[in-house]
Amino acid sequence: FIRLCQAHPEKLYVLYDERQINHVAQFCTSPIQNSLMSIDPTFDFGKFAVTPITTHHLMLKSQKTGNHPIMLGPVMIHHRKTYKKHYTLASRVAAANPKLKDVKGIAMDGEEPLQNSFLHIFSNAQPLQDFRHFRQNMDNALKDLGISAKKDRTPFLSDVFGYAENDVYTKALCDSDNEAEFCVMLDSFRPLWKDRETLLIGGTSEKVYNWISTRGEVIFKTMVREPREEAGLGNPPRKAYSNMSEAVNHKLSVCCLCRQ
């Protein structure tokens, strides 16, 4: 179970058994029905950080929710969240099963050291931005711009992430098929956002448009339809979330009585 125990220069442990590795290889590499490999280093355990890899068990479904259960995969216990530490976890996991070179998609929250290290090792995988984290970041940015009321922020968020009303879904920026359609849609939203922003906070600086456009590459490379389809999320593709890892983090925290 303990696959790496490092004492110098920092303590670091990589933990997994064959069953966990086989689950990741089975469910994250299928061209027919695929689960994302999810990584989110958010759980603190005393003086250590805990980075779990999680996936869905696609051969089981919860009778209560109808969803595939979340499975805990390999785990790293470490001090610092650096490229080198995450590279250690990624390289150990990849070496454990040759099928893992075919991992189709990896869901992450945008932390560069984590993303760069895993994509270095899993070079065939399509990186996907976690929708919930990106939406939270945009919502916080809108607040910082002075759009304090939730009802005023919601239209901007709906334009980017979509919304459903009376069982009818309205396509949004993140639903673009590819980079070309994303650019066309972004240009179409520009005057609408400018007028809405001027009405709410005044000025003519197009702060909302600028915030989105500076993150355009992230959106069309990791969030629109094309990369999600490449990651095996179906057709039409599901949106990507890394909350599998967060759910596991919560369970681990509860088991530790929520104490560091």
Any chance the rings of H86 and F118 have centres within less than 6.0 Å?
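So the answer is no for these two rings.
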
Could you check if a side-chain atom of [X] sits within less than 4.5 angstrom of a side-chain atom of [Y], using non-hydrogen atoms only?
{"X": "V75", "Y": "T51", "value": "no"}
{"X": "Y209", "Y": "K194", "value": "no"}
{"X": "L128", "Y": "P227", "value": "yes"}
{"X": "F122", "Y": "K104", "value": "no"}
{"X": "L233", "Y": "L36", "value": "yes"}

So, for A231 and N34, which heavy atoms are closest and what is the spacing to 0.1 Å?
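Looking at all heavy atoms of both residues, the closest pair is O-ND2, 2.9 Å.
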
Smallest separation among heavy atoms of L157 and R135, with atom names:
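Looks like CB-NH2, 3.8 Å.
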
With hydrophobic residues grouped by side-chain heavy-atom distances under 4.5 Å, do [X] and [Y] end up in a single group?
{"X": "V184", "Y": "F220", "answer": "no"}
{"X": "Y83", "Y": "I121", "answer": "yes"}
{"X": "L199", "Y": "W211", "answer": "no"}
{"X": "L58", "Y": "L72", "answer": "no"}
{"X": "V224", "Y": "Y163", "answer": "no"}

Can you measure from [atom1] ([X]) to [atom2] ([Y]) and round to the nearest 0.5 angstrom?
{"X": "K99", "Y": "T29", "atom1": "NZ", "atom2": "OG1", "result": "4.0 Å"}
{"X": "D130", "Y": "D40", "atom1": "CG", "atom2": "CG", "result": "7.5 Å"}
{"X": "H56", "Y": "H23", "atom1": "NE2", "atom2": "NE2", "result": "13.5 Å"}
{"X": "T55", "Y": "F27", "atom1": "OG1", "atom2": "CZ", "result": "7.5 Å"}
{"X": "K61", "Y": "M59", "atom1": "NZ", "atom2": "CE", "result": "13.0 Å"}
{"X": "L145", "Y": "M138", "atom1": "CG", "atom2": "CE", "result": "9.5 Å"}

Would you find a donor on one side and an acceptor on the other, under 3.5 Å apart, between the side chain of R3 and the backbone of L15?
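No: the side chain of R3 does not pair with the backbone of L15.
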
Under 3.5 Å, is there a donor-acceptor pair between the side chain of N166 and the main chain of V168?
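No.
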
Step by step, would you call T88 with L4 a side chain to side chain contact (heavy atoms under 4.5 Å, CB included)?
CA-CA 9 Å; T88 298; L4 175 64; 3.5 Å; yes

Could you tell me whether the side chains of [X] and [Y] share a donor-acceptor contact shorter than 3.5 Å?
{"X": "Y13", "Y": "H78", "value": "no"}
{"X": "D175", "Y": "Y169", "value": "yes"}
{"X": "R215", "Y": "N137", "value": "no"}

[X] bridged to [Y] by N-O distance under 4.0 Å:
{"X": "K85", "Y": "E10", "answer": "yes"}
{"X": "K171", "Y": "E181", "answer": "yes"}
{"X": "D159", "Y": "R196", "answer": "yes"}
{"X": "R225", "Y": "E230", "answer": "no"}

Full working for salt bridge (Lys or Arg N to Asp or Glu O under 4.0 Å) between R190 and E206
CA-CA 8 Å; R190 184 172 187 172; E206 300 185 273; 2.8 Å; yes

In terms of heavy-atom contacts, does [atom1] of [X] have more than 12 from other residues, nucleotides or ligands at under 6.0 Å?
{"X": "E18", "atom1": "CD", "answer": "yes"}
{"X": "K239", "atom1": "NZ", "answer": "yes"}
{"X": "H57", "atom1": "NE2", "answer": "yes"}
{"X": "L60", "atom1": "CG", "answer": "yes"}

Check for me whether R132 meets the cation-pi criterion with Y241, that is, NZ or CZ under 6.0 Å from the six-membered ring centre and within 45 degrees of the ring axis.
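No - R132 does not lie over the ring of Y241 by the 6.0 Å and 45° rule.
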
Using 30° and 60° as the class boundaries, would you call the ring planes of F161 and F134 parallel, tilted or perpendicular?
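Ring orientation, 0 to 90° scale: perpendicular.
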
